[in-house]
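What follows is one structure encoded as C-alpha cells, with my remarks underneath.
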Amino acid sequence: MDSGTDSLYLAFAEREARGNSATYQELAERAAGDAELLGLLDGLPAAKRQPNLLFGAVRHLGGPVTAGWPAFRDWTAARWDEVSATMLERRTQTNEAGRCATLLPLLASLPQPLALIEVGASAGLCLYPDRYRYRYLPAGRAAGEPGEPVHEFGAEGSPVTLDCAVSGPVPMLDSLRERLPEVVWRAGIDLNPLDVRAEEDMRWLESLVWPEQTHRLERLRGAVRIARAEPPLLVRGDLNATVRELVAQAPAGATPVVFHSAVLAYLPPEAREEFAATMRELPGHWISNEAVSVLPTVAERLPHPAPAGSGLFALALDERPVAFTGPHGQSLDWFAGA
Ligand SMILES: C[S@@+](CC[C@H](N)C(=O)[O-])C[C@H]1O[C@@H](n2cnc3c(N)ncnc32)[C@H](O)[C@@H]1O
C-alpha cells in the first residue's frame with residue numbers, strides 16, 4: 001500500500017522549500033524517489049515522517065545536509081538508528097520570534113497592560129514582543145533589500161530586529177513609535193517546552209532553521225539571549241488540558257491575551273474545536289495566527305481567499321480575521337475595514 005510519504009516529501013519540496021531553501025528542495029525531491037529511504041521513514045509512525053523533522057535530526061547529529069544528495073542519503077541510511085531515535089524523541093518546534101512583527105499591532109490595540117499566554121510556545125520566544133525592534137517595510141520588499149522602512153521603532157539596544165513588509169491599513173503603527181505594548185506577565189504551554197537555558201534544546205532549535213536562512217539563525221540567537229535574561233513561565237502539557245488554569249493565574253488588572261501561531265494544525269479537528277469553545281468562554285482576548293484553513297470560523301469570515309499556494313496564515317482577533325501574514329512573520333497584509 002502507498003504510504004504517501006513520497007507525496008509528503010514532494011509537497012514539501014514544492015510548497016515549502018521552493019524559493020526558501022534550494023538545499024531542502026533538492027533533498028526532499030530526491031528522498032521522494034528513493035525507495036530505501038522511504039522504506040526507513042515508513043518504519044516510523046506517520047506523524048514522525050516529516051521532512052523538517054528528518055532534516056533537523058540529521059543536522060542535529062552533525063550529518064551533511066548541504067553537501068548534496070548522495071552524501072546526505074548515504075550518511076542518513078548508515079546512521080538510521082541514531083537518526084530515527086532523534087526523530088522519535090524530538091518534535092518540529094521551530095520557534096520564530098519574527099512572528100511578533102505580525103502580532104504587535106493587534107497587541108497594541110488591546111487594553112494595556114497585557115498578560116500574555118502563548119499555547120504551543122516552544123521555547124517562548126514569541127512572548128517578548130516588547131523586547132524586539134521592528135522595521136515595517138513597503139509591501140513586497142524582503143528583509144535585506146535596499147530602501148528605507150516605512151516605520152522603525154522598538155526596544156532600545158535590542159539584539160533582534162524584525163523586518164516585516166506591510167500592506168493595507170495596519171493599525172497602531174504611528175503610536176507604536178511612542179509606546180510598545182506593556183507586558184506584565186508572560187507564560188506559555190507546550191507538550192514539550194524547550195528551555196532557553198539548556199544548550200541541547202537550543203541546539204535543536206538551531207537545527208530546525210533551514211540552511212540558507214542565516215538571518216533567521218541570527219534572530220534566533222538574539223531572541224534566546226533576551227529570553228535567557230528573564231526566562232518565561234512555561235508549563236508542560238496539552239493546551240486543552242492547561243489553558244484555563246494558566247489564564248486563571250494571570251495577574252488582576254492586566255488583559256489576558258491567549259495567542260498561538262503555527263500550532264493548531266498539529267491538533268485533530270475535534271481538539272481544535274474544543275480549544276475554540278474554551279476560548280469563547282475565557283476572559284480576555286484570543287489571537288490566532290494559523291494556516292488559513294485551520295480554524296473554520298476564521299476561514300469562513302475571510303474577506304477574500306489567500307493567493308493559491310502562498311502558504312499565508314490568517315491572523316484573527318477573537319475569530320475575526322484581520323490580515324494575512326507571512327508564515328515566519330515576514331509580511332502583514334491588513335484587510336480593508338478590519
Ligand atoms: C511549530 S511550533 C511553533 C512555536 C511558536 N508558536 C512559534 O510561533 O514560534 C509548534 C509548537 O506547538 C507545540 N504543540 C503542538 N501540539 C500541542 C498541544 N496539543 N499542546 C501544547 N503544545 C502543542 C509543539 O510542541 C511545538 O512546540
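Atoms within a ligand are numbered from 1 in the order they appear, just like the ligands themselves. Note that the structure is predicted; figures quoted are calculated from it, not measured.
Residue C126 touches ligand 1 through its side chain alone, judged by heavy-atom distances below 4.0 Å. Only the side chain of E118 comes within 4.0 Å of ligand 1, judged by heavy-atom distances. By the criterion of a heavy-atom distance under 4.0 Å, the side chain of L267, and not its backbone, is placed next to ligand 1.
Here the side chains of P105 and L332 are in contact, with some heavy-atom distance below 4.5 Å. At a threshold of 4.5 Å between non-hydrogen side-chain atoms, the residues Y128 and P232 count as touching. No side-chain heavy atom of R236 sits under 4.5 Å from any side-chain heavy atom of L191. The shortest side-chain heavy-atom distance between V294 and F313 does not fall under the 4.5 Å cut-off.
Taking a cutoff of 4.0 Å between a charged side-chain nitrogen and a carboxylate oxygen, E152 and R177 do not qualify as a salt bridge.
Close approach of ligand 1 to S122 (heavy-atom distance below 4.0 Å) involves ligand atoms 4 (C), 27 (O). Short contacts between ligand 1 and R91, defined as distances under 4.0 Å to a heavy atom of the residue, involve ligand atoms 25 (O).
The protein heavy-atom contact nearest to atom 2 (S) of ligand 1 is T94 O, 3.5 Å. Taking atom 20 (N) of ligand 1 as the reference point, the nearest protein heavy-atom neighbour is L239 N, 2.9 Å. For atom 7 (C) of ligand 1, the closest heavy atom belonging to the protein is R99 NH1, 3.1 Å. Looking at atom 5 (C) of ligand 1, its nearest protein heavy atom turns out to be G120 O, 3.4 Å. Looking at atom 24 (C) of ligand 1, its nearest protein heavy atom turns out to be D190 OD1, 3.5 Å.
Judged by distance alone, the side chain of N20 and the main-chain N or O of E16 form a donor-acceptor pair under 3.5 Å. When atom types are taken as modelled, the side chain of N95 and the backbone of L125 share a donor-acceptor pair closer than 3.5 angstrom. No side-chain donor-acceptor contact under 3.5 Å links E300 to the backbone of V298. Of the possible donor and acceptor atoms, one in the side chain of S158 sits under 3.5 Å from a partner among the backbone N and O of R131.
At a 3.5 angstrom cut-off on N or O pairs, D238 counts as close to ligand 1. Considering backbone and side-chain atoms alike, T92 places every N or O at 3.5 Å or more from each N or O of ligand 1. For ligand 1, the polar-atom distance check finds no N/O of Y266 at less than 3.5 Å from any of the ligand's N/O atoms. Residue contacts with ligand 1: A262 is placed with no nitrogen or oxygen under 3.5 Å of a nitrogen or oxygen of the ligand (distance criterion only).
A side-chain donor-acceptor contact under 3.5 Å links Q93 and N192. A donor-acceptor contact closer than 3.5 angstrom links the side chains of H60 and E200.
For atom 18 (C) of ligand 1, the nearest non-hydrogen atom from the set L191, L103, L220 comes from L191. Closest to atom 21 (C) of ligand 1 by heavy atom, among A123, G188, G237, A223, is G237.
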Requested in this report: Test salt bridge (charged side-chain N to carboxylate O under 4.0 Å, His left out) on R228 and E199 and set out the steps.
Outcome: CA-CA 11 Å; R228 269 189 184 153; E199 286 305 327; 3.4 Å; yes
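At least one heavy atom of N95 sits closer than 4.0 Å to an atom of ligand 1. Ligand 1 does not have A271 within reach: every non-hydrogen atom of the residue lies 4.0 Å or more from it. Distances from ligand 1 to the non-hydrogen atoms of E96 include at least one value under 4.0 Å.
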